[in-house]
There are 2 protein chains.
Amino acid sequence: MTDVKTVNPLFLREEELRQGIELLFFAYRDFTGEPDGLLAGMELGRAHHRVIYFVGRHPGITVSELLGILRITKQSLSRVLGQLVAEGYVAQRPGERDRRQRLLELGPKGIELERLLTERQRARIAGAYREAGAEAVEGFRKVMLGLIDEPDRTRFSPRGPSRRAP
Amino acid sequence: MTDVKTVNPLFLREEELRQGIELLFFAYRDFTGEPDGLLAGMELGRAHHRVIYFVGRHPGITVSELLGILRITKQSLSRVLGQLVAEGYVAQRPGERDRRQRLLELGPKGIELERLLTERQRARIAGAYREAGAEAVEGFRKVMLGLIDEPDRTRFSPRGPSRRAP
DNA sequence: GTTTTTACGTCAGTCATGTTGACTTATATG
DNA sequence: CATATAAGTCAACATGACTGACGTAAAAAC
């Protein structure tokens, strides 16, 4: 019995975990690389993409909700969001219940850019899903969910994130 | 039949793909967040972590191989790597066949730091793998591999990356 | 109705990490 | 010898993050 698995069951586990680390690194690198390349031509960067994505995904989102998702400071967001509003990608209107809030949504220009950028990423995911098959996709989702910290896991439950009571 | 799936099969697919995008975003955010937090105390950042990780993973790696993995410029790497060498985390020795090369490996200090940083990430992956089960892990790997661009996929085949003939 | 908290904005300075471009050195290889 | 390659270096710059301090308007609490 010279099988590594048998002699040292920890070796394979270590290798398995390192592969997991690297899968995440390479997948994320390539996943973001494509839109980054597109953005590079315009005067925008990855930070703008993230804002456009999440505003498009949650029309009427507030600034602080966005900050919570991105986990950056308001000063960092401010610059990026300010540009996007100034260039007409993102529109804002005051909240109805709470007029201090700025509810954000994409303008037509923003919708178009969002589609352009996310299209590539969707295609990449669609390709990977198709090749891997439905069962693999289920496994992928389970593992990815387990990698995410508790507070944000609920975003992926069937009824969406549980809004905290006001 | 008012089931969305039946009425508009594209809707669910779109939602499915967007979930994939977000799983990647949140998983990567939380996955890197922990080591980033640790590094923040020292005078090091995520870039140093990446270098330490891949040097530890491939002892004797050359500078250009490292550049190929990280996909950054030699000037960017130079700053980070220079610090790590100066601080004694990484050791270098000239190549034997080709003395222009600097073969990189971790010093004892580097090994310790690598363990400290990667430990958390391994634990996170191990937890997610354990909760999800072996079958899910297989699916996770399949999908992740499909997300990675061709040239780097071979890193994950059983015999490792195919080295180009010298 | 006054006080306090909240949502958001802003100014100013800094740091980490990436980029391009130009030039150098040492070594390997035709 | 000529050329290509591996790596280093100097300089300038862009992006996206950070901290800290302060301001304003609206909501909520007392």
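Chain naming here is simple, since letters A, B, ... match the order of the sequence lines and numbering starts at 1 in each. What you see is a predicted model; the values in this text were computed from it and never measured.
Nearest-nucleotide mapping onto DNA chain D: of A/Arg100 and A/Gly45, the residue sitting toward the 5' end is A/Gly45. Map A/Val80 and A/Asp98 each onto its nearest nucleotide of DNA chain D; the residue landing nearer the 5' end is A/Val80. DNA chain C is contacted by both B/Gln83 and B/Gln75; B/Gln83 maps to the nucleotide lying nearer its 5′ end (nearest heavy atom per residue).
Within the 4.0 angstrom heavy-atom criterion, base atoms lie near A/Thr73. Within the 4.0 angstrom heavy-atom criterion, base atoms lie near A/Arg79. A/Ser64 comes within 4.0 angstrom of the backbone, heavy atoms only, and of no base.
A close approach under 4.0 Å does not occur between any side-chain nitrogen or oxygen of A/His48 and OP1 or OP2 of D/dT15. Between A/Arg50 and D/dA17 there is a side-chain polar atom (N or O) within less than 4.0 angstrom of OP1 or OP2.
Comparing atom distances between the B/Lys74 side chain and each of C/dA22, C/dG18, D/dA6 picks out C/dA22 as nearest. When distances are taken from the side chain of A/Ser76 to each of D/dA26, D/dC18, D/dA6, the shortest belongs to D/dC18. Ranking C/dG18, D/dA7, C/dT10 by closeness to the B/Val63 side chain, first place goes to D/dA7.
In the displayed structure, B/Gln75 atom CD is contacted under 6.0 Å by more than 12 heavy atoms of other residues, nucleotides or ligands.
Between the CD atom of B/Glu96 and the P atom of D/dA6 there is a distance of 18 Å, rounded to whole Å. Atom CG of A/Leu81 is separated from atom C1' of D/dA17 by 16 Å (rounded to the nearest Å). The nearest whole Å value for the distance from the CG atom in B/Leu67 to the C1' atom in C/dT19 is 14 Å. The distance between atom CG of B/Leu66 and atom P of D/dA6, rounded to the nearest whole Å, is 15 Å. Rounded to whole Å, the distance from CG on A/Leu104 to C1' on C/dA7 is 12 Å. Regarding A/Ile72, its CD1 atom lies at a distance of 6 Å from the P atom of D/dC18, rounded to whole Å. Taking atom CZ of A/Arg93 as the reference point, atom P of C/dA7 lies 18 Å away to the nearest angstrom. If you measure from atom CZ of B/Arg46 to atom P of C/dT17, you get 9 Å, rounded to the nearest angstrom.
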Checklist entry - Yes or no on ring-ring contact (aromatic ring centres under 6.0 Å, His included) for A/Phe54 and B/Phe25, after CA distance, side-chain angles and deciding distance? => result CA-CA 11 Å; A/Phe54 283 109; B/Phe25 171 76; 5.2 Å; yes

Next on the checklist: Apply side-chain hydrogen bond (donor to acceptor under 3.5 Å, both in side chains) to residues B/Glu65 and B/His58 and explain how you reach the verdict.
Outcome noted: CA-CA 10 Å; B/Glu65 283 168 342; B/His58 304 289; over 6 Å; no

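Of the possible donor and acceptor atoms, one in the side chain of B/Arg29 sits under 3.5 Å from a partner among the backbone N and O of A/Ile69.
Salt bridge status for A/Glu34 with A/Arg124: present, with a side-chain N to carboxylate O gap under 4.0 Å.
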